[in-house]
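All residue numbers refer to positions in the sequence shown, counting from 1.
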Amino acid sequence: MFSPEFEIRILKHCSPVARNLFDNLEASTTPTSLDRFIPCRAHNNWQTSFASINKSNDNSPQTSKKQRDCGETARDSLAYSCLLKNELLGSAIDDVKTAGEERNENSYTPAAKRSLFKYQSPTKQDYNGECPYSLSPVSAKSQKLLRSPRKATRKISRIPFKVLDAPELQDDFYLNLVDWSSQNVLAVGLGSCVYLWSACTSQVTRLCDLSPDSNTVTSVSWNERGNTVAVGTHHGYVTVWDVAANKQINKLNGHSARVGALAWNSDILSSGSRDRWIIQRDTRTPQLQSERRLAGHRQEVCGLKWSPDNQYLASGGNDNRLYVWNQHSVNPVQSYTEHMAAVKAIAWSPHHHGLLASGGGTADRCIRFWNTLTGQPMQCVDTGSQVCNLAWSKHSSELVSTHGYSQNQILVWKYPSLTQVAKLTGHSYRVLYLALSPDGEAIVTGAGDETLRFWNVFSKARSQKENKSVLNLFANIR
């Protein structure tokens, strides 16, 4: 190509990289390759080469801020990425969902010091079976991708859909005065009375009045069938009421101080008191024949919850302890001491067997997750304020938490990422009370501002992915 004398003069003034370039040009025998360096995209493995590009700046603060300002969601970003891959890299992606699953299943390890482009002689253009005279600016696969159905974005209203007055609703962290039955009836303890509010008819009835006994209501709890409600009192006894007959059917003594926590397991009622005892009693039999006393807490018991399979009872106390009990022992089978304040908020996951969530008071402010199958702690998130209540969604891996000092907010979390889905405000006092509707869509919250607020926070449609395991005998017709 060059005369020897001219080449010698040029190489005297060139760097070693340029000399290597001249050597490669001299060794090439194809005249067309010596004209220009044109990247040939016909035979490149674009999917692997694309992974070798340095993407260290993709998660920069500027990018995240831009996405927040533009309101981009993860699905929007994935669809845009698929569109670019189709048009620039020649991919054949026609469904965002499929692309997302493949991205999770196949992870490419970037090769060290690899180039995205390969330089060689251009070959004949390949249209991959597509019409070269199409009027659309994008390929057929991209058109199908853009026409694929989009999942509707769930929006949580920041405004309650109903607000009820609740005069004399106590501002006491250790009480549990609100519960929602499976028959769609709300029970609320107001002062010395228990009132029932029907969500179907909006009718309000007074169930009982403890003022003749100079007593006050400290806790209420419905049984699973929704026809019986237990009422804990300041004097330490528990009354059981038949709602249909509006009649007291049992009175359970045994505690020497107020009963602030109640939990049903079929016909067995567990009660936790300021006297530090947990008492389990079968409401169908005489009291002394079916009583079990559980001793473990050193201060007031303020939280009680049975697991979904009714095999384990979780209890939280003002001694910052979280205990797990079974039905065969009077001693706790598990003990968790990581919380730094009172543990009132307790919730078992209905989706993950053995998963328990708990929340600490003002000095702790954390929601912690525990694997009760192994006894090991899992995630922990600092909420920034007192955790008063926790409740899991019935249809998805989300949970809601209510808070006191100092923000008085309601937070919706996605598990296991622990990202905030929504933040709801409106109460002017600590949000001490929480109950979930029987359909799993709405919650009701109560606070010392003497109001009950109803919020739509959870989606009714199940969001769990279908199990595609070949071991699932019900997935295919044989």
Side-chain angles (χ1 to χ4, degrees), residues 162-170 172 175-255 258-273 279-291 304 306 432-439 442-446 450-454:
K162 183 181 288 293
V163 179
L164 298 178
D165 290 331
E168 297 185 65
L169 185 62
Q170 299 187 55
D172 193 326
L175 306 186
N176 292 273
L177 297 175
V178 178
D179 197 18
W180 206 332
S181 77
S182 59
Q183 301 294 328
N184 213 9
V185 178
L186 192 69
V188 185
L190 302 177
S192 60
C193 300
V194 175
Y195 291 90
L196 305 179
W197 177 80
S198 173
C200 300
T201 63
S202 296
Q203 181 181 0
V204 179
T205 58
R206 188 174 66 180
L207 178 66
C208 63
D209 187 358
L210 306 179
S211 56
D213 194 22
S214 300
N215 204 353
T216 57
V217 179
T218 54
S219 56
V220 294
S221 179
W222 289 97
N223 68 345
E224 296 174 1
R225 293 185 294 272
N227 58 355
T228 304
V229 62
V231 179
T233 66
H234 189 269
H235 288 176
Y237 63 82
V238 179
T239 57
V240 183
W241 294 78
D242 185 339
V243 175
N246 198 19
K247 178 183 177 181
Q248 178 179 316
I249 59 177
N250 209 337
K251 182 177 180 180
L252 307 175
N253 296 297
H255 289 293
R258 70 180 183 186
V259 179
L262 296 169
W264 286 90
N265 181 354
S266 185
D267 292 303
I268 298 176
L269 179 63
S270 302
S271 56
S273 170
I279 303 180
Q280 295 180 346
R281 292 167 280 201
D282 192 327
T283 58
R284 301 167 299 179
T285 60
Q287 178 177 342
L288 296 178
Q289 296 182 7
S290 61
E291 181 178 287
L304 286 176
W306 280 97
L432 297 176
Y433 311 111
L434 170 69
L436 184 65
S437 66
D439 63 3
I443 61 170
V444 58
T445 57
E450 299 185 345
T451 62
L452 296 174
R453 298 173 184 266
F454 296 78

Between [X] and [Y], is there a donor-acceptor pair closer than 3.5 Å when you use the side chain of the first and the backbone of the second?
| X | Y | result |
| --- | --- | --- |
| Thr283 | Asp267 | yes |
| Gln280 | Ser270 | no |
| Thr218 | Val259 | yes |

Taking all atoms of both residues into account, what is the closest heavy-atom pair of [X] and [Y], and its distance?
| X | Y | answer |
| --- | --- | --- |
| Gly226 | Ser181 | CA-CB, 4.1 Å |
| Asn184 | Cys200 | ND2-SG, 3.5 Å |
| Ala187 | Leu196 | CB-CD2, 3.8 Å |
| Val217 | Gly189 | CG1-CA, 4.0 Å |
| Gly232 | Leu262 | N-CD1, 3.7 Å |

Q. Which residue pairs satisfy the ring pair (Phe, Tyr, Trp, His ring centres under 6.0 Å) criterion with at least one member in residues 226-249, sequence neighbours excluded?
A.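 Those involving residues 226-249 do not exist here.
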
Distance, nearest 0.5 Å, that separates [atom1] of [X] from [atom2] of [Y]:
| X | Y | atom1 | atom2 | answer |
| --- | --- | --- | --- | --- |
| Ser192 | Glu168 | OG | CD | 6.5 Å |
| Leu177 | Leu169 | CG | CG | 6.0 Å |
| Thr451 | Leu164 | OG1 | CG | 9.0 Å |
| Thr239 | Asn253 | OG1 | CG | 10.5 Å |
| Arg284 | Asn250 | CZ | CG | 12.0 Å |

Could you list the residues that satisfy side-chain contact (heavy atoms from CB on, under 4.5 Å) with [X], not counting sequence neighbours?
| X | answer |
| --- | --- |
| Asn227 | Asn223, Arg225 |
| Thr201 | Ser198, Gln203 |
| Ser182 | none |
| Ser266 | none |

Enumerate the residue pairs fulfilling salt bridge (charged side-chain N to carboxylate O under 4.0 Å, His left out) with a member in [range], sequence neighbours excluded, ordered by first and then second residue.
| range | value |
| --- | --- |
| residues 197-223 | Arg206-Asp209 |
| residues 229-242 | none |
| residues 176-204 | none |

Q. Can you name the salt bridge (Lys or Arg N to Asp or Glu O under 4.0 Å) partners of Arg258, sequence neighbours left out?
A.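 In terms of salt bridge (Lys or Arg N to Asp or Glu O under 4.0 Å), with neighbours along the sequence ignored, Arg258 is linked to Asp172, Glu300.
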
Q.
Going by side-chain hydrogen bond (donor to acceptor under 3.5 Å, both in side chains), name the residues that satisfy it together with Ser271, two or more places apart in sequence or in a different chain.
A.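 If we apply the side-chain hydrogen bond (donor to acceptor under 3.5 Å, both in side chains) test to Ser271, skipping adjacent residues, the hits are His255, Arg281.
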
Q.
Using the rule given for side-chain contact (heavy atoms from CB on, under 4.5 Å), can you reason through Tyr433 versus Val188, listing the C-alpha separation, both sets of side-chain angles and the distance that settles it, and then say yes or no?
A. CA-CA 10 Å; Tyr433 311 111; Val188 185; over 6 Å; no

Q: Name all residues meeting the ring pair (Phe, Tyr, Trp, His ring centres under 6.0 Å) criterion together with Trp264; count only those two or more places apart in sequence or in a different chain, and write none if there are none.
A: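 In terms of ring pair (Phe, Tyr, Trp, His ring centres under 6.0 Å), with neighbours along the sequence ignored, Trp264 is linked to no residue.
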
Q.
Going by the rule ring pair (Phe, Tyr, Trp, His ring centres under 6.0 Å), which residues pair with Trp306 if we only count those two or more places apart in sequence or in a different chain?
A.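 Listed in chain order: nothing, the list is empty.
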
Q) Passes side-chain contact (heavy atoms from CB on, under 4.5 Å), Val178 versus Leu186? Steps please. A) CA-CA 7 Å; Val178 178; Leu186 192 69; 3.9 Å; yes

Q | side-chain contact (heavy atoms from CB on, under 4.5 Å) assessment of Val185 paired with Val243 | A | CA-CA 10 Å; Val185 178; Val243 175; 5.7 Å; no

Q: Check the angle between the aromatic planes of Trp180 and Phe454 and answer parallel, tilted or perpendicular using the 30° and 60° thresholds.
A: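 Ring orientation, 0 to 90° scale: perpendicular.
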
Q. Between Leu210 and Thr233, is any pair of side-chain heavy atoms under 4.5 Å apart?
A.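 Touching, per the 4.5 Å side-chain cut-off.
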
Q: Give the intermediate values and the outcome of side-chain contact (heavy atoms from CB on, under 4.5 Å) for residues Leu452 and Thr445.
A: CA-CA 6 Å; Leu452 296 174; Thr445 57; over 6 Å; no

